[in-house]
Visitor: 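Let me give you the structure first, and then I'll get to my questions.
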Amino acid sequence: MEIKKVRGFQDIYGKEAKKYRYIVDTARNIFENYNFEEIILPYIEDISLFIRSVGEATDIVQKEMYTFEDKGGRKVALRPEGTASAVRAFIENKLYTKGSYHKLFYEGAMFRYERPQAGRYRQFHQIGAEIFGVETPLADAELIKMVKDLLDRLSINARLEINTLGDFESRKRYIQTLKEYLNKTKENLCDVCKTRIDTNPLRVLDCKVKACKQSIKDAPKLIDFLPEESLKRYQRLKEYLKELKIEFVENPRLVRGLDYYTDTVFEFVSDEIGAQGTIAAGGRYDNLVEQLGGPPTPALGFAAGIERLMILLKQTPPEKQLTVIIPMIQEFEPQALKLASLLRKKDLRTELLLKTGSLKSKMKTANKLGAKYVIFLHEKPELKDMETGEQEIFQTEEDLVDVLLKRTTQTS
RNA sequence: GAGGGUGUAGCUCAGAGGCAGAGCACAAGGUUGUGGCCCUUGGGGUCGCGGGUUCAAGUCCCGUCACCCUCCCCA
């Protein structure tokens, strides 16, 4: 029986792998310019880390985690998201003793056991960043700007939606009031929303069913429950965004799915990829560090779905021109090996053609490989430009290499 | 957890009871060392799997598996 990849998992290769690498490299470059430092986090954590951070009642914890017991009887999970691990690492390594605040980024696979569909896999990849120990909304603005820079650099259009959730207490009071309101009008809601009253009442506010929209028109509004301080901070953030000329829409129904968010939340949404349109999202989580056993530390972060960015990435990542070396007869193979190493040492992308057969079939292969230049090795080395078809014979290999170097640096 | 769709060559797919097909890809040649375009030739198949109906089943029936998509939820 043929062995196949497990449902929801994927091999990323060829053009897709290039896109993936391009996105990650671009993000890394931008994040480092913002002076974020990379943190490489484990893929496996104690289950309770996610239960305590993401939230006991969330779908992620209830049904989407890959959990198992290891041979030592530890109950562990493949990480479903990155923030929890970053917070754990921040506390465990006592980073709060090593500076006033910290800016970290990470990249890698996440795992959620869900029904796969377009833009959603059981193993997916995120690139994310977190800021620990900063209260000022200046940080919120910088974080959003950084994500925006990344999307701009990748020429990806997305709508920025923002909202504020306030602190835990006011949100709790609001949800309580909202539940009461929804229960009163329960009969008018769609079946899904009827269950949402208990599982995810805030989500009812974003239901697309007409009847629901109608019946929540007069629902209590979160903004009326928020403390003055939250409103002020939200106002400041909006000012900063305007100052940065970042367009945004306020979406009072924007609720992140995880329990730990407080105050600022934001999403970058694309309309081009259907249902899974959220390509990057994040927000503040001012209570989480303390909640997980660290000192009270305000914090915020975001994560972007690399697969979703890949769908939207239209431009083909820049590639180095390829030179293919073809030894004309076996006697020239040692020379070809040495020339190939030399070119690679000069930082040229070089293929020593390994295909056997007629010269015609070798040339076909060179063409398929996307060769810009071909070097024929016989008594005198010969350079061919595959675009123009021009060929030139050189007296020595050194002469050829000089010309080749000049041409490849000119054009790239 | 609920709904829909698709499984035939390496890939994209046509074939809807009667010889297993096309395009692309791969290989050789047309061109006496030279790619792309064109032409010729060639290799390639458990028609997802199991059963049933029939003289005869990719084709009809039952079952099953896999994948894709949608909802829920999310990156």
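Values below: every heavy atom of this structure, side chains too, minus hydrogens, waters and symmetry copies. What you see is a predicted model; the values in this text were computed from it and never measured.
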Visitor: For G63(B) and C69(B), measure between their P atoms and round to the nearest Å.
Guide: 26 Å

Visitor: NA contact type, Q62(A), heavy-atom cut-off 4.0 Å: base, sugar-phosphate, or nothing?
Guide: nothing

Visitor: May I ask you to say what K368(A) touches in the nucleic acid, namely base, sugar-phosphate or nothing, with a heavy-atom cut-off under 4.0 Å?
Guide: sugar-phosphate

Visitor: Can you tell me how far C1' in C19(B) sits from the matching atom in G1(B), rounded to whole Å?
Guide: 48 Å

Visitor: Please check the phosphate of C72(B) (OP1 and OP2 only) for any side-chain N or O of R115(A) closer than 4.0 Å.
Guide: no

Visitor: What interatomic distance, in whole Å, is found between P of G44(B) and the corresponding atom of C37(B)?
Guide: 26 Å

Visitor: Does Y113(A) have R122(A) sitting over its ring (NZ/CZ under 6.0 Å from centre, angle to axis within 45°)?
Guide: yes

Visitor: Students often get this wrong, so: under 4.0 angstrom with heavy atoms, is F111(A) touching a base, only sugar-phosphate, or nothing?
Guide: nothing

Visitor: For A118(A), answer base if it contacts any base atom (sugar-phosphate contacts may also be present), sugar-phosphate if it contacts only those atoms, and nothing otherwise; contact means non-hydrogen atoms under 4.0 Å.
Guide: sugar-phosphate

Visitor: Quiz question: by atom type and distance under 3.5 Å, do the side chains of N29(A) and T26(A) form a donor-acceptor pair?
Guide: no

Visitor: Establish whether the base of C74(B) is bridged to the side chain of R308(A) by a donor-acceptor pair shorter than 3.5 Å.
Guide: yes

Visitor: Work out how far the P atom of C26(B) is from that of U31(B), and round it to whole angstrom.
Guide: 22 Å

Visitor: If we ignore angles and hydrogens, is there a donor and acceptor under 3.5 Å between the side chains of Q321(A) and T408(A)?
Guide: no

Visitor: Rounding to an integer number of angstrom, what distance separates A66(B) and G23(B) when you compare their P atoms?
Guide: 35 Å

Visitor: Kindly say whether K179(A) contributes a backbone atom to a donor-acceptor pair with the side chain of N183(A) at under 3.5 angstrom?
Guide: yes

Visitor: Tell me if the CD atom of E69(A) is crowded by more than 12 foreign heavy atoms within 6.0 Å.
Guide: yes

Visitor: If the cut-off is 4.0 Å, is R196(A) near the phosphate of C72(B), judged by side-chain N/O to OP1 or OP2?
Guide: yes

Visitor: Checking side-chain polar atoms at under 3.5 Å, does Q335(A) have a donor or acceptor matched by the opposite partner on E397(A)?
Guide: yes

Visitor: Tell me the interatomic distance from L353(A), atom CG, to G35(B), atom P, rounded to whole angstroms.
Guide: 14 Å

Visitor: Within this structure, what is the CD-to-C1' distance between E64(A) and A75(B), rounded to whole angstrom?
Guide: 11 Å

Visitor: Can you figure out which of G36(B), C73(B), C69(B) approaches the side chain of E114(A) most closely?
Guide: C73(B)

Visitor: If the cut-off is 4.0 Å, is Q117(A) near the phosphate of C71(B), judged by side-chain N/O to OP1 or OP2?
Guide: yes

Visitor: Taking any heavy-atom pair under 4.0 Å as a contact, classify G128(A): base, sugar-phosphate, or nothing.
Guide: nothing

Visitor: Considering only the P atoms, how many Å lie between A16(B) and C24(B), rounded to the nearest integer?
Guide: 23 Å

Visitor: When the P atoms of U59(B) and U70(B) are compared, how many Å lie between them, rounded to an integer?
Guide: 30 Å

Visitor: Need one value for Q391(A): base, sugar-phosphate or nothing, where a base atom within 4.0 Å counts as base even if backbone is also close, heavy atoms only.
Guide: base

Visitor: When the P atoms of G18(B) and A57(B) are compared, how many Å lie between them, rounded to an integer?
Guide: 11 Å

Visitor: Could you check whether any side-chain N or O of Y43(A) sits under 3.5 Å from a backbone N or O of A109(A), counting only pairs where one atom can act as donor and the other as acceptor?
Guide: yes

Visitor: Using a cut-off of 4.0 Å on non-hydrogen atoms, how would the nucleic acid contact of R112(A) be classed: base, sugar-phosphate, or nothing?
Guide: base

Visitor: Please determine whether a side-chain nitrogen of the Lys or Arg among R153(A) and D149(A) lies less than 4.0 Å from a carboxylate oxygen of the Asp or Glu.
Guide: no

Visitor: Nearest to the side chain of E382(A), heavy atoms from C-beta on, is which of C73(B), U34(B), A75(B)?
Guide: U34(B)

Visitor: Check nucleotides 29-31 of chain B for protein N or O atoms closer than 3.5 Å to its own N or O atoms and list the pairs.
Guide:
residue: G30(B); atom: N7; partner: K360(A); partner atom: NZ; Å: 3.1
residue: G30(B); atom: O6; partner: K360(A); partner atom: NZ; Å: 3.3

